[in-house]
Amino acid sequence: MKQTAKIYVAGHRGLVGSALVRRLQASGFSNLLLPTRRELDLTRQQAVEDFFERERPDYVFLAAAKVGGIRANSVFAGDFIRDNLLIQTNVIESARRAGVSKLLFLGSSCIYPKFASQPIRESELMTGPLEPTNSAYAVAKIAGIEMVQAYRRQFDFPGICLMPTNLYGPGDNFDLENAHVAPALMRRFHEAKLSEAPEVTVWGSGRPRREFLHCDDLADAALLLMQEYDEAEIVNVGCGEDVSIAELAETIRDVVGYPGRLTFDASKPDGTPRKLLDVSRLFAIGWRPKIALRDGLEQAYQWYVENVETKGVRATVS
Ligand code: GFB
């Protein structure tokens, strides 16, 4: 990638997109296309076609998506499949027409079967039923993978696909109902600390296990793969180890400094029992994560207090 390359980061204000912008700028890439959602609605085909026709980016990081935690995926399943199919289809097709040098499509670890053998190899894709709480989102992401791979075969389209594990970090969505577990608990413990609430309720049994990767590590892996990887096969991006939700909650409680008790609400869904990714394909390319979970959670909490709690920065990225 030439330093002067024109790079479009779709979804640049989200958790992943903002990390990608930081990582690209740190490497001296300054010719970035960063239209806001108001300037470019990716669910509108004509608008996306016009944008690509006009701007003709060299590289595209497709990090724009409608995302959310286990509750949001269940409650807004129709929005999730519609918006994600529209966004990815419009961007991938317009990128093809514009003749981009390369497009990187971001999927998710939820594309794998609910009971995939652990750690989950990329070859497990579509070998079993999905987790019902996020099957709509997962099918949309699987369609995106299939589209990139079909475009590679039919049009020799230069697209690659990354499957990140659960992510967290600065720029996350901290909405108590619709966010992912790490930011939701961070805000819940913070508010309980301020209000001196005697206890905090964690959803589910606390027994499911999740792998967590800091968004800056993901951005680092994405830039490396954009530069070094050009195969049809999808690539898992994770850190190679997981924790239980109960362990995560205890760690976040400690990071926040909340003195009260934890309780678990078994009426809330656990979701997939485990989704630890096999990252040997990624590690074989030479990448390793740099940010340990505890350090990353402390940094993310610092960002939350400085940007969301005090300055009222949009706590939710819809
Ligand atoms: O991060 P999360 O919402 O999504 O939930 P998934 C992970 C686990 O955390 C579930 C528990 O077992 C929840 O019951 N949990 C405990 C909580 N307290 C909370 C809380 O306050 N908020 C939330 N959200 N969870 C997502 C998919 O699955 O993984 C997405 O729904 C995406 O589509 C993402 O793929 C990576 O990890 O279960």
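Counting starts at 1 for both ligands and their atoms, in listed order. These numbers come from the heavy atoms of this one structure, side chains and all, not from hydrogens, waters or symmetry mates. Source: prediction; values computed, not measured.
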Please tell me whether [X] and [Y] form a close aromatic pair, meaning their ring centres lie under 6.0 Å apart.
{"X": "H214", "Y": "Y168", "result": "yes"}
{"X": "F189", "Y": "Y301", "result": "no"}
{"X": "Y258", "Y": "H190", "result": "no"}

Contacts under 3.5 angstrom, residues 88-95 side chains, donor-acceptor by atom type, not counting sequence neighbours:
unit_1 : atom_1 : unit_2 : atom_2 : d
Q88    : NE2    : A140   : O      : 2.7
T89    : OG1    : L85    : O      : 2.6
N90    : ND2    : L42    : O      : 2.9
N90    : ND2    : L86    : O      : 3.1
E93    : OE1    : R96    : NE     : 2.8
E93    : OE1    : Y151   : OH     : 2.7
E93    : OE2    : R96    : NH2    : 2.8
E93    : OE2    : R97    : NE     : 2.7
S94    : OG     : N90    : O      : 3.0

Closest non-hydrogen atom pair between V202 and A249, with its separation: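 Scanning both residues completely, I find the closest heavy atoms to be CG2-CB, 4.0 Å.
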Protein residues that have a heavy atom under 4.0 Å from any atom of ligand 1, sorted by chain and number: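 Ligand 1 pocket, heavy atoms under 4.0 Å: G68, G69, I70, N73, S108, C110, N134, Y137, N166, A179, H180, V181, A184, L185, R188, V202, W203, P208, R210, I245, P269, D270, K275.
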Mark yes or no: K66 above the aromatic ring of F80, with NZ or CZ under 6.0 Å from the six-membered ring centre and no more than 45 degrees from the axis. yes
